[in-house]
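For reference, the structure is listed below as structure tokens.
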Protein chains: 2
Amino acid sequence: MQRVFEALASVPRRKILAYLAHAELSAGEIAARFEMSKPSISQHLSILEAAGLVTSEKRGQFVYYRLVPDNLTNTLNGFVQEVCPVARPLKRESKARTGNPDAS
Amino acid sequence: MQRVFEALASVPRRKILAYLAHAELSAGEIAARFEMSKPSISQHLSILEAAGLVTSEKRGQFVYYRLVPDNLTNTLNGFVQEVCPVARPLKRESKARTGNPDAS
DNA sequence: TCGCTATTTAGGAATATACCTAATTAGCGA
DNA sequence: TCGCTAATTAGGTATATTCCTAAATAGCGA
């Protein structure tokens with residue numbers, strides 16, 4: 001959990017996650033989207049991987065990275081549940097008389 | 001958004017948010033729950049406040065802090081929607097796998 | 001007013017983070 | 001094998017973060 005929040009506390013790392021949300025990409029393809037050296041991107045990728053937010057797979061000369069969405073959503077959801085339990089918003093919600101069933 | 005994620009990337013600050021989830025507390029009451037100097041807690045509180053995650057109100061000698069749950073949930077939700085759009089988790093809904101645990 | 005409590009501000013030291021360049025490792029294909 | 005590309009590791013520097021103690025600010029009540 002600590003690793004996840006530390007990983008997210010960086011603009012380039014969140015940007016990498018956003019790129020990987022749309023497609024699997026090689027380290028080089030990721031680096032090409034930033035004005036930053038490849039070693040720096042490699043370091044960011046290793047931080048994201050240590051946090052369990054992405055996984056990598058080597059195929060030939062290339063290392064492909066992709067998202068692990070479960071860890072991200074589970075971690076953030078677990079945290080939000082602790083700090084802003086569902087019970088509270090739900091109570092407020094019942095004030096509105098529109099019977100809207102889907103509030104997630 | 002950057003400030004929110006930076007604020008969350010700290011164990012003591014997340015702990016403060018968890019305390020404030022249950023009750024409004026004065027700066028001193030918060031500090032009493034940590035083995036850390038009051039100035040350090042004060043600094044953490046100012047970081048949380050700058051991120052819009054808590055607000056403070058001075059009443060007499062005391063400064064009371066409370067949560068601003070909307071900013072927290074809106075920021076995290078906005079981020080999760082960008083990286084893990086709802087459409088994707090719903091598709092693999094039947095999988096139901098467990099993520100890895102980590103200390104907070 | 002004075003003394004006391006609550007809190008923040010100021011200043012400083014230790015540690016961590018984020019970059020960079022240079023060097024290394026690994027795979028591909030002639 | 002050699003030469004080339006992809007990626008990471010190693011080493012170093014600048015900056016940011018996190019903690020501390022000491023000092024300042026502000027309110028309360030005698």
Side-chain angles (χ1 to χ4, degrees), chain A residues 1-20 23-68 72 75 79, chain B residues 1-20 23-68 75 79 102-104:
Chain A
M1 173 144 183
Q2 175 57 19
R3 272 182 229 238
V4 170
F5 279 106
E6 272 168 8
L8 294 178
S10 147
V11 172
R13 287 196 290 270
R14 291 201 305 278
K15 212 168 151 189
I16 289 173
L17 292 177
Y19 282 129
L20 294 178
E24 175 184 271
L25 293 170
S26 70
E29 288 171 327
I30 295 167
R33 287 160 164 79
F34 290 85
E35 294 188 351
M36 191 184 290
S37 72
K38 284 183 199 186
S40 296
I41 292 296
S42 187
Q43 188 188 217
H44 283 307
L45 287 168
S46 76
I47 288 168
L48 288 169
E49 189 162 26
L53 297 176
V54 306
T55 52
S56 63
E57 185 189 348
K58 182 157 196 173
R59 294 204 297 271
Q61 301 168 270
F62 302 88
V63 178
Y64 289 94
Y65 285 86
R66 61 172 176 281
L67 218 60
V68 180
L72 184 60
T75 297
F79 175 69
Chain B
M1 173 145 182
Q2 175 57 19
R3 271 178 225 230
V4 171
F5 279 105
E6 272 168 8
L8 294 179
S10 148
V11 172
R13 287 196 291 269
R14 290 201 306 279
K15 212 168 150 190
I16 289 172
L17 292 177
Y19 283 129
L20 294 179
E24 174 184 272
L25 294 170
S26 71
E29 289 170 325
I30 294 167
R33 286 158 166 80
F34 290 85
E35 293 189 351
M36 193 186 288
S37 71
K38 284 182 197 185
S40 296
I41 293 296
S42 186
Q43 188 187 216
H44 283 306
L45 287 168
S46 76
I47 288 168
L48 288 168
E49 189 162 26
L53 297 176
V54 306
T55 51
S56 63
E57 185 189 350
K58 182 155 197 176
R59 295 206 294 273
Q61 301 168 269
F62 302 89
V63 178
Y64 289 93
Y65 285 86
R66 60 173 175 280
L67 217 60
V68 180
T75 296
F79 175 68
D102 201 287
S104 78

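All values derive from a computational prediction rather than experimental measurement. To find a chain, count down the sequence lines: A is the first, B the second, and so on, and within it residues start at 1.
- Distance B:K38 NZ to C:dT7 P: 7 Å, rounded to the nearest Å.
- For the pair B:F5 CZ and D:dA16 P, the computed distance is 21 Å after rounding to whole Å.
- End-to-end axis angle of the helix from C:dT1-D:dA30 to C:dA30-D:dT1, from C1' rotation axes over five pairs per end: 20° (rounded to 10 degrees).
- In this structure, the nucleotide among D:dT8, C:dT8, D:dC19 sitting nearest to the side chain of B:P12 is D:dC19.
- Listed nucleotides: D:dT17, C:dT8, D:dT18. Nearest to the side chain of B:A27: C:dT8.
- A 4.5 Å side-chain heavy-atom check between A:R33 and A:K15 finds every atom pair outside the cut-off.
- For the pair A:V54/A:E49, a side-chain contact is recorded, criterion being any heavy-atom separation below 4.5 Å from C-beta on.
- B:M1 places none of its side-chain heavy atoms less than 4.5 Å from the side chain of B:V4.
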Sub-3.5 Å pairs of nitrogen or oxygen atoms, protein against nucleotides 27-30 of chain D:
{"from": "D:dG27", "atom 1": "N2", "to": "B:Q61", "atom 2": "NE2", "distance (Å)": "3.1"}

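- A pairwise comparison of heavy atoms in B:S26 and B:Y64 identifies N-CD2, 3.7 Å as the closest pair.
- For B:S42, a side-chain nitrogen or oxygen approaches OP1 or OP2 of C:dT8 to under 4.0 Å.
- In the set D:dC19, D:dA7, D:dT21, D:dT21 carries the atom at the smallest distance from any side-chain atom of B:S37.
- Across A:A27 and A:Y65, no two heavy atoms sit closer than the pair CB-CE1, 4.0 Å.
- Note that the CD1 atom of B:I16 and the CZ atom of B:F34 stand 4.5 Å from one another [nearest 0.5 Å].
- Within the structure, a side-chain polar atom (N or O) of B:S40 is placed less than 4.0 Å from OP1 or OP2 of D:dC20.
- When the C1' atom of C:dT17 is taken as reference, atom CG of A:L48 falls 14 Å away, rounded to whole Å.
- When each of C:dT17, C:dC19, D:dT9 is scored by its nearest atom to the side-chain atoms of A:H44, the top-ranked nucleotide is C:dC19.
- In this entry the distance linking CD1 of B:I47 with C1' of C:dT8 reads 14 Å, nearest Å.
- For the atom pair CG (A:L67) and CG (A:L25), the distance works out to 10.5 Å, reported to the nearest 0.5 Å.
- Across all strands, A:S26 comes closer than 4.0 Å only to sugar-phosphate atoms, never to a base (heavy-atom distances).
- Residues A:F5 and A:T75 have side chains in contact (heavy-atom distance under 4.5 Å, counting atoms from C-beta outward).
- Between B:H44 and B:I30, every side-chain heavy-atom pair lies at or beyond the 4.5 Å cut-off.
- Across C:dA18, C:dA10, D:dT18, the shortest atom-to-atom separation from the side chain of B:P39 is found for C:dA10.
- Atom OH of A:Y65 and atom P of D:dA6 are 15 Å apart (whole Å).
- The OH-P distance, from B:Y64 to C:dT7, rounds to 8 Å in whole Å.
- Relative to the side chain of A:F62, the nucleotides D:dA7, D:dT17, C:dT8 differ in distance, and D:dA7 lies closest.
- Using a 4.5 Å cut-off on side-chain heavy atoms (C-beta onward), A:L8 and A:R13 make no contact.
- Regarding A:L45, its CG atom lies at a distance of 11 Å from the P atom of D:dT9, rounded to whole Å.
- If you take CE of A:M36 and P of C:dC20, they are 6 Å apart, rounded to a whole angstrom.
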